[in-house]
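Just so you know, these numbers come straight off a predicted model, no measurement behind them. Numbering starts at 1 and runs along the sequence shown.
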Amino acid sequence: MIRYAMEQLLEWKDRPNRKPLILKGARQVGKTWLMKEFGRLYFEKVAYVTFYNNQRMKKVFDEDYDIQRILMNINIEAKTEVTPGDTLIIFDEIQDAPRALESLKYFCENAPEYAVIAAGSLLGVAIHEGVSFPVGKVDTLELHPMGYLEFLEAMGERQLADSLKAKDYSIIRNFNSKYIFWLKNYYYVGGMPEVVSYFSEHKDYREVRRLQKEILTQYENDFGKHARNANLARIRMVWNSIPMQLAKENKKFFFGHIKKGARMKDFEVAIEWLLDCGLVTKVFRVNKPAVPLKAYVDFAAFKLFLLDVGLLGALSELDAESILEGNDIFVEFKGALTEQYVLQELVAETNYTPYYFGTDSQNFEMDFMVQKGRDAVPIEVKAEVSTQAKSMKAFCRKYNPNYAVRFSMLDYVEQEYLNNIPLYAVCNI
């Protein structure tokens, strides 16, 4: 399994001013595997400590923050001798040990020679419940589900992935059908590492869906275990409404579609809980396409996406034939699935913060907006090769942007007022 986040871990390892690293991300995105694999490949020794159901190690941090005493306990727990420079210390499920999280401050200040990496699936929720975060004393890295490039690598298509990364469109055009074939498979399989790993070996769509539903069940079990009872029903209502919200032509999140008469204040805590878990992404509307986009955010208007396109399909109970071959019933939701995919790629594969554009007084909107240097770049998403871009034309006539992008199943094309980028090349925006 190839994870591009490994390159960022290597960069962290070699920093002269390296701090302990916190690896953030939702449950099941592969944090534990990545940490262990990083240690196996680039360190002589790995001292792995998990705090899940481990009262013994939790107590070690309750006494004080004496690093040498803590290291002695880690030696015994991990059955290895921790030495600076050649040992990676891993703290897993650190949200279950608040004082272990706080100890990272003292590793930073008193023992910077030790390489320490920590991860926690529900870390955002734990911090909001009073766990002290060592601000300024740690580095952070967000791990997302596997992107389309990583998916290609997992399918044994490294040369296709390399051509995309190199932006070699002469080669890319020649293999357009292969890119589209694997893209449709990615829509169904998604990027959860366990699911991708199974599919790469067995190509069994039915079992893929079973694994995805198992992950969804684990997430919903977390709702019951970690959310307060007062919020539990609302969290579930928001979660289950996302496919319906994205299926609308106007994908703005409407609280009234969850429950008649519902308002933002009734559900904002539930949405924040899902955000803290890393299970959803919130994309705010901007009311003016100007730099900086953040200055024109309307916090009352937003779209809500899941963390993974495959899980969206599973939550929506879409069958493999609908996605891979397409049918008339599926036409309306195809746009939702495609927009979910584009959002994932923008978040995981680029440095852009995605917004979308619209106002209450205009009858058109842009699916996404990103800030590129001094430009606010409009993005339109089309699920197929049909590219009747009425909204984009209206936007460009009114605002005359320097750059405009459309993602579709067409090849790369530079047109009069925009560039068409193939959907499988979102990473190249």
Side-chain angles (χ1 to χ4, degrees), residues 142 144 147-148 242 245-254 264 271 275 280-307 309 312 334-383 387-410 412-429:
E142 187 86 21
H144 302 281
Y148 178 61
I242 293 176
Q245 300 276 359
L246 292 177
K248 301 186 281 81
E249 184 176 355
N250 179 356
K251 294 175 176 56
K252 174 186 173 183
F253 196 90
F254 283 101
M264 181 185 291
I271 290 174
L275 287 167
V280 299
T281 299
K282 203 176 194 180
V283 177
F284 287 106
R285 186 173 76 180
V286 291
N287 294 330
K288 183 178 180 180
V291 173
L293 286 173
K294 188 175 287 187
Y296 303 100
V297 168
D298 178 358
F299 290 105
F302 58 87
K303 301 177 185 179
L304 213 56
F305 295 89
L306 290 190
L307 77 159
V309 66
L312 176 62
K334 191 178 293 184
L337 211 62
T338 307
E339 200 165 317
Q340 165 74 46
Y341 158 75
V342 169
L343 180 277
Q344 274 180 244
E345 290 289 289
L346 289 174
V347 169
E349 304 295 338
T350 78
N351 294 319
Y352 300 118
T353 299
Y355 302 92
Y356 79 100
F357 170 79
T359 67
D360 294 331
S361 61
Q362 292 179 159
N363 60 1
F364 66 87
E365 68 174 39
M366 287 291 94
D367 296 318
F368 296 107
M369 293 282 299
V370 297
Q371 184 173 318
K372 182 180 177 67
R374 298 181 179 180
D375 292 295
V377 181
I379 298 173
E380 187 164 59
V381 177
K382 293 293 184 181
T387 55
Q388 294 298 317
K390 294 180 181 178
S391 292
M392 179 64 85
K393 286 181 180 178
F395 179 93
C396 290
R397 286 196 191 105
K398 182 166 184 176
Y399 296 104
N400 194 30
N402 290 325
Y403 302 99
V405 171
R406 179 181 62 214
F407 293 119
S408 76
M409 287 296 190
L410 285 176
Y412 183 85
V413 180
E414 291 187 16
Q415 295 181 302
E416 182 181 351
Y417 61 94
L418 76 133
N419 289 347
N420 184 86
I421 299 177
L423 279 163
Y424 47 78
V426 174
C427 59
N428 286 344
I429 184 175

Contacts of E414 meeting side chain to side chain contact (heavy atoms under 4.5 Å, CB included) (sequence neighbours excluded), chain-then-number -> Y412, N419

With sequence neighbours left out, the residues meeting side chain to side chain contact (heavy atoms under 4.5 Å, CB included) with N250 are K252, F254, E365

Just jot down the side chain to side chain donor-acceptor pair (under 3.5 Å) partners of [X], sequence neighbours excluded, or say none.
| X | value |
| --- | --- |
| Y356 | none |
| N402 | D375 |
| Y424 | N176 |
| Y403 | none |

Report task. With rounding to the nearest 0.5 Å, note down the distance linking CZ in F407 to CG in L423. Result ->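 Reported value, rounded in 0.5 Å steps: 7.5 Å.
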
So CD1 of I271 and CG of L304: to nearest 0.5 Å the spacing works out to 5.5 Å

Sequence neighbours excluded, the answer for salt bridge (Lys or Arg N to Asp or Glu O under 4.0 Å) partners of E345 is none

Q. Among all residues two or more places apart in sequence or in another chain, which pass the salt bridge (Lys or Arg N to Asp or Glu O under 4.0 Å) test with K248?
A.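 Salt bridge (Lys or Arg N to Asp or Glu O under 4.0 Å) list for K248, sorted by chain: empty.
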
Can you sort out the partners of F395 under ring-ring contact (aromatic ring centres under 6.0 Å, His included), two or more places apart, ordered by chain and number?
->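 Partners of F395 under the ring-ring contact (aromatic ring centres under 6.0 Å, His included) test: F357, Y399.
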
Point to revise | Partner set under ring-ring contact (aromatic ring centres under 6.0 Å, His included) for F364, not counting sequence neighbours | key: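 Once residues adjacent in sequence are excluded, F364 has no partner under the ring-ring contact (aromatic ring centres under 6.0 Å, His included) criterion.
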
Kindly say whether N420 contributes a backbone atom to a donor-acceptor pair with the side chain of Q415 at under 3.5 angstrom? no

Quick one: does any side-chain atom of Q344 pair with a main-chain N or O of V309 as donor and acceptor, under 3.5 Å? yes

Which atoms form the tightest heavy-atom contact between A383 and T338, and what is the distance?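 Heavy atoms of A383 and T338 come nearest at CB-OG1, 3.4 Å.
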
- Go through the steps to decide whether F284 and K282 satisfy the test side chain to side chain contact (heavy atoms under 4.5 Å, CB included), and finish with yes or no. CA-CA 6 Å; F284 287 106; K282 203 176 194 180; 3.6 Å; yes

N/O donor-acceptor pairs under 3.5 Å from side chains in residues 286-302, not counting sequence neighbours:
unit_1	atom_1	unit_2	atom_2	d
N287	OD1	R285	NE	3.2
D298	OD1	A300	N	3.1
D298	OD2	R285	NH2	2.9

